[in-house]
Amino acid sequence: MRRIIAILLENEAGALSRIVGLFAQRNYNIESLTVAPTDDETLSRLTLTTRGDDSKIEQITKQLHKLIEVVKLVDLTEGDHVERELMLVKVRAEGATRDEVKRTVDIFRGQIVDVTNTTYTIQLTGPSDKLDAFIRAIGRTIVLEVARTGVSGMGRGDKILSL
Amino acid sequence: MTEMMSGGDMLIRALQDEGVEYVFGYPGGSALHIYDAIFRQQRVEHILVRHEQAATHMADGYARATGRPGVVLVTSGPGATNAITGIATAYMDSIPIVVISGQVPNDLIGTDAFQETDMVGVSRPVVKHSFLVKNAAEIPLVVKKAFYIATSGRPGPVVIDVPKDTTDPAITAPYEYPRSVSLRSYNPATRGHTGQIRRAVDALVRAKRPVIYTGGGLVQGEGSDQLTRLARRLDFPVTNTLMGLGGYPATDRQFLGMLGMHGTFEANNAMHAADLILAVGARFDDRVTNNPAKFCPQATVVHIDIDPASISKIIPAHIPIVGPVRAVLDEMETQVNSLLEKHPELPDRDALAKWWAQIEQWRDAHGLDHDLLAKGSAGDVILPQHAVQALYKATDGNAYVTSDVGQHQMFAAQYYKFDSPRRWINSGGLGTMGFGLPAAMGVQFAFPNATVACVTGEGSFMMNMQELSTCQQYALPIKIVNLNNAALGMVKQWQDMQYGGRHSHSTYREALPNFVKLVESFGHIGIKIERLADLEPAMKEAFSDKNRRRLVFLDVQVDPDEHVYPMAIRGGSMRDMFLAKGETT
């Protein structure tokens, strides 16, 4: 099962490498990972997606907790949550496909952020499966380049991950 | 008043303020400012080793015997990488050591400078935590944090990587050693959950076939007295892991011996048939459980451990208790006492009597024979078990015994009966050959007047025998018992049992040195023993008052065909064992 784990960690050199190293060393899989400082500059927030059954995820969260720089963490997929990912896609857009791509972008509520005579660069945000669906909709054959940020997320309602 | 000091002086001063007695180390370019600071003071004694791996094992042995952190100082590059095996050894067995490594100056990091290695990166998977010092001013706080992290919670090794510019004598900063330190991201448990302890106690007093299974965590966590009282109060059988030997007195009637791959028949059978297992500071290692799917099918598992990640990692715990074993056992004892006062019918004495009768039957059927020595042998051949029993006799069971890794380690674990914690010192988790001699040296430094024996094999011994020179320099009177079977015995045993007797690269009889002459060349005493009749007199000689201040090496020529039994049958349950050559349960 796919899980989204959000982690607050000390914003220190080497902290990220310990998290990535832990996953490599214990044979856990990272599907996506995104990290940036928070409003509190001493803290970074890291969101990663991984897969595993309950016992594996329990072991992953326990091992993450043991890292000295990990301050707090939560498995967002344990409850209701919001997840978003940002994607930039450069597509070949010539002739008839130009209009068709534009229409699909509108349906997915994306934006065209750069235009040339032969290409569009499209920005799209949403849950990961929406971004996957967009790629399928426009067709892989015209896709030139894809850049995705990886998932970021938050619990819904009053649930808060902070100090 | 805060003093101004260079980073090198601060580092050594901080070690003094931590109460450090010894630093085990080896100098080199990046560490020379620190070595100069050592030269200009008296309080911390530096021990010059012959190889950095040995330095880490010495610090480790010191820590295991005393409970206080061991300290290592090495230079950058090869000095640092040589220390890795020892760091990994300490990590696997949760031993508190602090390793200070020199590093190239900050402005050269990343340039592939001479003797540069990314020590923080290389050591990352085998440390509890590590620090890269950025400037001299942060040294006192970094050292304080390093010792705090190494010794608290589940202990472990901490690396401090110190770039040379941060110890430059020309650059000074104010020194003040922090009295305490708190980390918002690190708060190990200080006591167990009372409700969980109550649930555990309820299960304990009602158990009909209980077993207490304790590991290195009980020794490290100083909970042996508490556990012993609890076990006696309840009349429960106790088994120790390889790392946990001495956690419960081995000569006590309630002790079943070691469990696991080379555990006793009675311990492994009791585990398999148990209806309740109280695991204390143990981690259900694969060398204990055999096949986890077949592990103790009827048992309710109560698991006490300081590390939440050890609980339900391999075997799901029905009643998990996270906390320091000593505090948890204290609370458990109080609860047990008050419960038993209210309910005099508990524990179930009839059920326990039946359980003990069953255990005694197992013990009688296939228990270890602790009287082999008295029985002699055909052709005066020395069995490795004889040597361990003779050592036990010659030291009255009171020695600190370190070991290396292999058959000799298992024979020592099986036949030397440890009645106190911190007396049995071996590399259980990583299984590091070459550990025994330097670990014994660390113990001897900690306790200069104690009897320290290293049970080793010629294969393991040759992995760190250069330290015989260090032993001479510091006059360490260690007694080395070399169970010489002219082969890598455990490898050969597996090849006998699983590879049709094809001894692929496990023998070297013609190439072995004359060990007596070898140790004599380092200034020590060597005795070669080839007949059983000579074993006890030689032991007596080694441990005689005359040799109280001398290192004595006993080269005991043992039967090369002997195997360690019992031995777990791979893929089976705990009660599936080889009991002798060709004989299984």
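Just so we're on the same page: letters track the sequence lines, and every chain starts at 1. Computation of the quantities below employed the complete heavy-atom set of this structure, encompassing side-chain atoms and omitting hydrogens, waters and symmetry-equivalent molecules.
Of the two parts of A/Glu69, the backbone and the side chain both hold a non-hydrogen atom closer than 4.5 Å to a non-hydrogen atom of chain B. Contacts of A/Glu58 with chain B are made by side-chain atoms alone, with heavy-atom separations under 4.5 Å and no backbone atom involved. Contact annotation for B/Leu132: neither backbone nor side-chain heavy atoms come within less than 4.5 Å of a heavy atom of chain A. Both the backbone and the side chain of A/Ser17 come within contact range of chain B, judged by heavy atoms closer than 4.5 Å. Only the side chain of A/Leu163 comes within contact range of chain B, with at least one heavy atom under 4.5 Å from a heavy atom of that chain.
Counted by atom type alone, A/Asn11 and A/Thr42 present zero donor-acceptor pairs between their side chains at under 3.5 Å.
Interface remark: of the candidates B/Pro316, B/Ser130, B/Gly153, B/Ser130 forms the most heavy-atom pairs closer than 4.5 Å to chain A.
Partner B/Val126 forms a side-chain contact (heavy atoms from CB on, under 4.5 Å) with one of B/Thr85, B/Val159, B/Ile87, B/Leu430 and no other, that one being B/Ile87. Of the options A/Lys130, A/Arg156, A/Arg3, A/Arg2, a salt bridge (charged side-chain N to carboxylate O under 4.0 Å, His left out) to A/Glu83 is made by A/Arg2 and by none of the others.
For B/Asp305 (side chain) and B/Asp307 (main-chain N/O), a donor-acceptor pair under 3.5 Å exists by modelled atom type.
A salt bridge links A/Arg148 with A/Asp132: the distance from a Lys NZ or Arg NE/NH1/NH2 to an Asp or Glu carboxylate oxygen falls below 4.0 Å.
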